[in-house]
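Below is one structure, written out as structure tokens; the observations come after it.
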Amino acid sequence: MVDKHSIPPYDPSEVEARWRSFWADRGFFRSDVASRDKTFYYLNMFPYPSGYLHVGHGRNYIIGDVVTRVKMMRGFNVLNPMGWDAFGLPAENAAIDNNVHPREWTLSNITNARKQFAAWGVEFDWDREVTTCLPDYYRWTQWLFLELYKHGLAYKKKATVNYCPMCDTVLANEQVVAGVCERCGTAPVAKDLEQWFFRITDYADRLLEDLAALEGWPENVRKMQENWIGRSFGAEVTFRTESGDEIVVFTTRPDTLWGATFMVLAPEHPLVDKLTTDKQRDAVHAYRHQAALASDIDRSSTEREKTGVFTGGYAINPVNGKQVPVWIADYVLTSYGTGAIMAVPAHDERDFAFALKFGLPIVPVIAPLRDEIRSAVAKRDVADGFAAAVKAAGWTIEERGGQYLVTLQRSQADAYLKTAQEHVREGRWIGVVGSRFAFVFPDAVIELASVEADREIVARVANGNGSDVAVAMDLVATEAAYQDVLFHADHGEMIHSGAFSGTSGEAATEKVIAWLEEKGIGEGAINYRLHDWLISRQRYWGAPIPIVYCDKCGTVPVPEEQLPVLLPDVEFIGKMGLADIPGYAETTCPECGGPARRDTDTMDTFVDSSWYFLRFISPTDEHHAFVKQDVDHWLPVDQYVGGVEHAILHLLYARFVTKALHDLGHIGFEEPFRRLFTQGMVCHPAYRCSEHGWLFPKQVDEALCCPQCGRRLEVASFKMSKSKRNVVDPTEIIDRYGADTERVYTMFMGPPDRDIDWLDEGVRGANRFLKRVWTMILGNVDRMSAPGAVPDVAAFDDAAKALWHRCHFTIKKVTEDVEQRFSFNTAVAAIMELANDLGRYTDSDEEIDGALLRIAADGLVLILSPFAPFVCEELWRGLGHEDAILEQPWPCYDEAGLVQDMVEIPVQINGKLRARVAVSSEVAEDREALAKAALADSRIQEWLGGKSVIKTIAIPGKMVSLVVK
RNA sequence: GCCGGAGUGGCGGAAUUGGCAGACGCGCAGGAUUCAGGAUCCUGUGGGGAUUACACCUCGUGUGGGUUCAAGUCCCACCUCCGGCACCA
């Protein structure tokens with residue numbers, strides 16, 4: 001037994017102070033880029049340097065540090081750099097609030113963050129630090145811009161763009177999330193401005209198709225990108241107005257063309273004026289005015305009822321020569337497709353609602369996949385004997401209230417129509433809805449097969465009672481029994497479509513497209529939701545766009561040797577762009593030397609971050625952004641880690657820039673990140689008073705009432721954020737328990753990809769574990785053999801064998817969990833189990849094996865060290881070693897060590913666990929011997945009780961299952 | 001509405017290829033130590049039941065079905081929650 005009083009208590013602050021600068025001083029994290037051997041590029045998404053990092057940020061970096069340390073001990077040449085996404089609006093806003101220059105604010109945050117990393121024991125190759133707001137970085141961002149410009153991938157155009165009035169700048173499409181500015185939550189307004197764009201849509205197909213090969217990426221991120229790119233296949237079809245103007249529409253359903261009974265243009269569509277008749281002009285003008293005022297959120301709400309106005313104009317449906325009215329409505333967007341649609345109300349939900357509201361004809365041209373026809377018949381509309389006739393024919397008929405409901409299938413429709421006609425009373429009609437649409441009158445059955453048929457039905461019905469019914473669908477749309485068969489968007493058989501009737505499924509689309517192309521009235525087309533990337537920003541704190549405008553020479557790129565175009569060094573006075581800085585725009589033309597003006601916009605900060613992973617390979621190169629042979633060797637990044645909030649923006653842009661640079665010959669690969677991991681957020685309870693807002697946990701007492709007004713507080717767990725006052729400050733955790741404890745808890749608290757609550761009790765548990773390891777290791781050093789001792793495995797007693805096995809098993813598990821599974825919580829759990837077993841072994845009264853103890857203790861410290869590097873470095877010295885842990889190879893396990901002498905094998909009878917038999921591992925691996933051993937067990941014999949075994953399933957090493965009768 | 005993901009003890013979670021459900025930790029309970037608190041250590045801890053015996057039985061992984069000797073895991077239908085997109089033609 002050990003005298004625990006002789007061991008110094010675990011004092012993390014003292015231990016951590018001793019090793020804080022050790023790893024950096026020894027240069028362990030400096031990487032050799034020239035080396036080509038076993039390289040491993042690990043990359044965290046570089047942070048925006050804003051104030052203090054909290055324990056939620058820590059999760060990201062601790063994961064990286066653990067993986068990096070393991071990889072280093074495993075003999076990899078690891079590159080794990082860090083940099084700063086240092087341009088951007090928060091710096092400007094903070095600068096305005098605190099009256100400092102954004103540069104000062106940014107750089108001081110960086111200094112602070114570096115200190116926090118050191119306190120966490122999170123190490124990087126600081127020789128490779130990149131900072132996007134410094135000229136030696138943004139010079140190359142400007143170079144990237146010019147490369148894209150020279151090859152037609154950057155262009156300027158006037159466009160309607162999203163402008164955020166709060167941020168005072170335009171936004172990329174991707175930065176408008178759920179209709180509001182991603183950063184400040186303000187609804188953007190539409191502005192027509194000349195802006196720079198990157199031609200990302202040229203790469204839409206490749207960005208989509210290459211997703212499939214990104215097997216190391218999470219499925220949800222790939223799906224999100226797929227949705228964002230939003231590729232849809234269909235056709236562009238040209239309609240003509242009566243005056244001969246072309247209206248091109250995009251449709252994914254060319255097979256429904258025969259059902260296009262009207263057209264809808266976006267209110268902003270250029271042909272609207274010309275189409276509008278004098279009679280409609282006022283209404284159209286008013287509607288367009290109102291649409292222009294409505295915000296995008298209002299316009300794009302699916303809840304809202306459809307609105308629109310008839311222009312008075314008509315176009316010709318090219319497939320059947322029929323005249324269709326042209327409407328305008330704000331459910332058609334200028335930003336998608338051609339800003340004009342053909343409306344097929346029978347097979348498009350929006351068009352259906354619009355047609356019903358405005359009384360436009362609805363003609364089914366596709367048979368639904370579900371073959372069901374319904375006919376609701378008022379009793380007073382039919383002669384006696386109707387129900388009997390229907391029953392006699394064997395069709396389903398229900399009776400409720402004053403009506404019959406007949407349900408049938410398409411093959412029965414003709415017979416039913418005949419029966420209905422025979423029974424319908426004079427002046428009445430019967431509707432048939434579903435797989436067939438028809439109206440039955442005493443002297444005729446009219447199929448809803450065309451607009452003309454629709455008119456005739458309406459005319460006949462109106463004759464009788466002068467109703468206000470506009471179209472045939474109105475006659476049946478209010479009938480409850482019809483609700484789920486009125487409309488469908490199935491890819492069924494084409495009907496009422498001339499020669500194409502009878503064509504069905506996806507093939508219909510292809511055939512119609514081929515025919516459209518042959519006739520010259522349309523062609524196959526692909527449409528994307530993705531738009532070109534708007535990169536101009538009207539703010540100061542970004543990389544200036546390196547373009548000059550000359551009256552003589554036009555748009556002139558700044559020559560490469562004149563880069564960088566420096567941000568003007570002004571005393572910072574507030575919200576402004578480069579245009580507000582006197583003298584900045586004035587320059588001379590690089591081509592003719594005459595007077596010229598600079599572009600006064602800066603680039604979106606996502607441009608900075610779209611290529612930084614390349615710069616880490618040669619961060620100080622003054623002649624190149626990066627060196628091809630080096631990046632070709634080190635990239636794609638082996639493991640990229642960051643928040644899922646970048647699933648679309650940053651990751652899509654970085655993929656685009658990589659592909660563009662590849663095509664321009666600068667790099668030899670097409671995807672930047674081989675494996676991607678998105679870590680979950682760390683949450684913490686936040687307390688809110690409806691009157692006084694968010695409260696710090698410290699202000700809250702047990703009664704959960706507001707200290708100011710006594711109101712009951714709302715409590716809920718949220719992602720840590722300063723504004724909700726629920727951040728956990730790592731400094732407090734480190735002061736109280738040490739960084740090692742924070743690291744172990746962070747890794748142990750749950751699967752790293754999942755959102756999780758930070759629990760103070762959990763932190764204490766991690767601390768307890770480290771204390772236990774400390775006491776156990778230091779308290780047993782005297783009983784261990786010297787380092788390097790080789791145990792005599794053959795002489796082990798049972799307890800020693802078990803511990804020996806546990807050591808090998810744990811090493812294997814931790815190695816696989818970290819390297820392959822990214823499952824750090826189970827890795828830590830396995831180390832805890834080893835520590836528990838080791839503790840049990842040293843506490844027992846039996847004689848212990850000094851060599852085994854040495855190996856187990858050394859091994860425990862080595863595999864724990866990536867998680868708790870400070871305390872392990874200390875314990876390593878305590879164990880009598882002189883060298884650093886990072887100079888040690890990762891311990892290895894051998895298969896022999898994994899084999900146990902005896903194993904317990906569960907035995908099931910009829911699927912229920914009835915016994916466990918202890919057998920030697922040889923027996924356990926032998927199917928027949930294992931089955932025999934199971935049957936020989938006395939408990940099993942008892943359960944069998946003379947019944948016969950019909951089937952025996954023995955899975956070597958796993959279990960035996962007996963089926964008995 | 002569409003597309004993803006997830007539902008397992010009081011809590012976080014484990015079970016990697018269909019093979020002993022609940023590893024590991026928190027919390028809780030009892031005990032040891034202590035003047036006391038804290039810290040530490042030991043024991044127990046899914047529900048229900050049984051027994052002289054913790055070498056027992058039984059139910060149990062969101063719900064309902066199914067496949068299988070065997071299902072948290074596979075299939076079908078559904079419910080709930082989270083995330084993304086959303087009048088995208």
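We name chains A, B, ... by the order of the sequence lines, and we start the count at 1 in each one. The analysis underlying the following values was restricted to heavy atoms, covering all of them including side chains, and did not include hydrogens, waters or symmetry mates.
Across the P atoms, B/G19 and B/G30 are found 40 Å apart, a figure rounded to whole Å.
Using a 4.0 Å cut-off, no side-chain N or O of A/R768 falls inside it from OP1 or OP2 of B/G38. Considering only side-chain N and O atoms, A/K951 lies under 4.0 angstrom from the phosphate OP1 or OP2 of B/C69.
In this structure, A/N836 reaches the sugar-phosphate backbone alone: every heavy-atom distance under 4.0 Å involves primed, P, OP1 or OP2 atoms, never a base. Backbone-only contact: A/R914 has heavy atoms under 4.0 Å from sugar-phosphate atoms and none from a base. Using a 4.0 Å heavy-atom criterion, one finds that A/G765 contacts the sugar-phosphate atoms exclusively. At the heavy-atom level, A/I953 lies under 4.0 Å from base atoms of the strands shown.
We find that CE of A/M959 is positioned 12 Å from C1' of B/A21, with the value rounded to whole Å. Following rounding to the nearest Å, A/D755 (CG) and B/G83 (P) show an atom-to-atom distance of 9 Å.
Side chain A/K958 to base B/C20: no donor-acceptor pair is found below 3.5 Å. Judged by atom type and distance alone, A/K813 reaches the base of B/U16 through a side-chain donor-acceptor pair under 3.5 Å.
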Summarise protein proximity over nucleotides 73-78 of chain B in one line of letters, 5' to 3': B for base, S for sugar-phosphate only, - for none, counting protein heavy atoms closer than 4.0 Å.
------
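Side-chain rings of A/W758 and A/Y745 approach one another, their centers coming within less than 6.0 Å.
With its glycosidic angle more than 90° from 0, B/G66 is assigned anti.
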